[in-house]
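These notes concern the structure reproduced below.
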Amino acid sequence: MKKILVPVDFSANSKNALHVAAEIARVTGATLELLHVNVEAAFAMPLSEFASPTDFARDEVYDESAEYLLKQMQKELHNNPAYKDIKTVTRIGDGFLYSCVRIAAESDGVDLVVMGTKGASGATEFFIGSNTEKVIRTSPCPILAIPESVQEFSLKTVLLPSTLKDDQQPVFNYLAEWQKLFDFRVKVLYLNNPQGYATDGSAELRKKQLAEEAGLSKPDVIMTGQSYFEESSILSVADQYEADMIVMATHQRKGLSHLLFGSTTEDTVNHSDIPVLAVPTKWMKK
């Protein structure tokens with residue numbers, strides 16, 4: 001892991017996410033890129049969903065103020081002895097948060113995005129969704145969503161909901177790389193029995209095959225019954241086993257497909273009180 005992108009709006013929530021990103025950078029040696037987006041500019045643009053922020057004049061006063069605050073965040077971070085050697089850079093963008101994150105991730109070779117989330121509920125969740133949901137849906141790289149209630153990043157137990165199908169192999173591989181860095185236990189949640197594995201040990205055998213190929217150390221399998229509310233089951237099991245993080249693959253559905261079928265990963269992120277690491281399948285194919 002060489003570069004971690006952290007979107008910041010200078011709130012306590014984004015500063016908390018920056019602290020988590022710094023913990024990861026301290027272990028991995030990654031550079032932190034602090035990104036601030038002037039989201040108000042998006043609503044000042046005609047046809048802003050389709051126009052590029054670069055087509056419009058930059059607000060120099062806003063940029064100077066944002067740059068000053070970014071420098072202050074850098075200074076505060078480096079004042080902590082644990083983070084004084086972490087390399088940090090800054091970037092300012094205009095427009096929608098999700099599009100600016102995507103552009104920065106693609107152009108700067110970002111390996112991970114760490115961002116704070118407050119979630120969304122009710123009609124807002126159904127029609128609009130949270131900023132984090134939109135970033136997950138469009139980001140080219142993994143997203144680590146940090147709820148505002150998280151005070152520290154310490155991984156002892158990680159929950160991996162999985163169908164145990166072939167397309168899950170890359171996420172097992174990705175999690176194995178994290179395990180080498182943070183040395184946590186893994187609980188594999190086999191949810192809804194989608195592959196038809198019986199409870200006679202065949203799911204355990206399939207998990208063992210995926211784990212051995214990935215180099216994932218001694219994961220346990222948790223079986224659940226049929227459920228129409230996968231997100232609720234995932235969060236319930238995470239609470240039961242006192243998981244410190246949930247790791248999920250996302251297929252990044254968009255448009256009508258997303259409206260009709262939604263995303264279990266996005267729903268989980270929206271309602272989780274522990275960090276959720278969302279790994280896009282396109283990234284996993286690399």
Side-chain angles (χ1 to χ4, degrees), residues 4-24 32-40 42-43 49 91 93 95-106 110-151 153 158-159 161 171 174 230-232 234-235 238 243-255 257-259 261-283:
I4 300 171
L5 181 68
V6 188
V8 296
D9 59 5
F10 310 121
S11 66
N13 198 25
S14 66
K15 290 180 179 179
N16 186 42
L18 176 59
H19 174 79
V20 171
E23 279 294 307
I24 299 172
L32 293 182
E33 180 172 327
L34 283 62
L35 168 68
H36 177 72
V37 178
N38 179 6
V39 294
E40 293 182 4
F43 299 98
E49 277 280 4
R91 177 170 178 151
F96 292 99
L97 178 63
Y98 67 89
S99 59
C100 289
V101 168
R102 185 188 69 247
I103 291 169
E106 290 175 343
V110 169
D111 300 296
L112 175 70
V113 175
V114 178
M115 64 183 297
T117 179
K118 292 186 177 180
S121 60
T124 300
E125 180 179 3
F126 184 80
F127 290 108
I128 301 174
S130 69
N131 276 324
T132 313
E133 280 184 79
K134 296 174 185 177
V135 171
I136 289 171
R137 211 174 304 158
T138 58
S139 172
C141 67
I143 308 294
L144 179 60
I146 308 297
E148 55 185 340
S149 59
V150 172
Q151 299 300 314
F153 189 71
V158 171
L159 181 68
V171 79
Y174 186 69
E230 292 181 335
E231 165 248 324
S232 297
I234 291 167
L235 296 178
D244 303 297
M245 184 171 74
I246 300 169
V247 179
M248 301 180 69
T250 176
H251 291 80
Q252 298 183 311
R253 292 190 182 111
K254 299 177 184 178
S257 176
H258 181 269
L259 180 63
F261 301 106
S263 166
T264 301
T265 303
E266 292 172 24
D267 289 342
T268 302
V269 166
N270 233 14
H271 301 102
S272 177
D273 59 3
I274 63 174
V276 178
L277 179 60
V279 186
T281 53
K282 292 180 181 178
W283 174 269

Within the 4.5 Å heavy-atom criterion, are [X] and [Y] side-chain neighbours or not?
X	Y	value
Ile4	Val113	no
Met245	Leu277	yes
Pro161	Ile246	yes
Phe10	His36	yes
Leu144	Ile24	yes
Leu159	Val247	no

Please report the closest heavy-atom contact between [X] and [Y], naming both atoms and the distance.
X	Y	answer
Pro142	Val279	CG-CG1, 4.2 Å
Val110	Ala104	CG2-O, 3.9 Å
Ala145	Val269	CB-CG1, 3.7 Å
Pro7	Val114	CD-O, 3.3 Å
Gly116	Thr132	O-OG1, 3.8 Å
Gly95	Val37	O-CG1, 3.4 Å

Measuring from [X]:[atom1] to [Y]:[atom2], what's the distance to the nearest 0.5 Å?
X	Y	atom1	atom2	answer
Phe96	Ile103	CZ	CD1	12.0 Å
Met248	Glu266	CE	CD	10.0 Å
Leu35	Leu97	CG	CG	7.0 Å
Arg102	Leu5	CZ	CG	13.0 Å
Ile143	Leu112	CD1	CG	7.5 Å
Ser272	Asp267	OG	CG	12.0 Å

Would you check if there is a donor-acceptor pair between the side chains of [Y] and [X] at a distance under 3.5 Å?
X	Y	result
Ser149	Asp273	no
Asn16	Glu148	no
Glu231	Thr268	no

Please check if the side chain of [X] supplies one atom and the backbone of [Y] the other of a donor-acceptor pair under 3.5 Å.
X	Y	value
His19	Lys15	no
Thr117	Pro147	no
Ser139	Ile136	no

* Go through the steps for Ser11 and Asn13 under the test side chain to side chain donor-acceptor pair (under 3.5 Å), then give the verdict. => CA-CA 5 Å; Ser11 66; Asn13 198 25; 5.4 Å; no
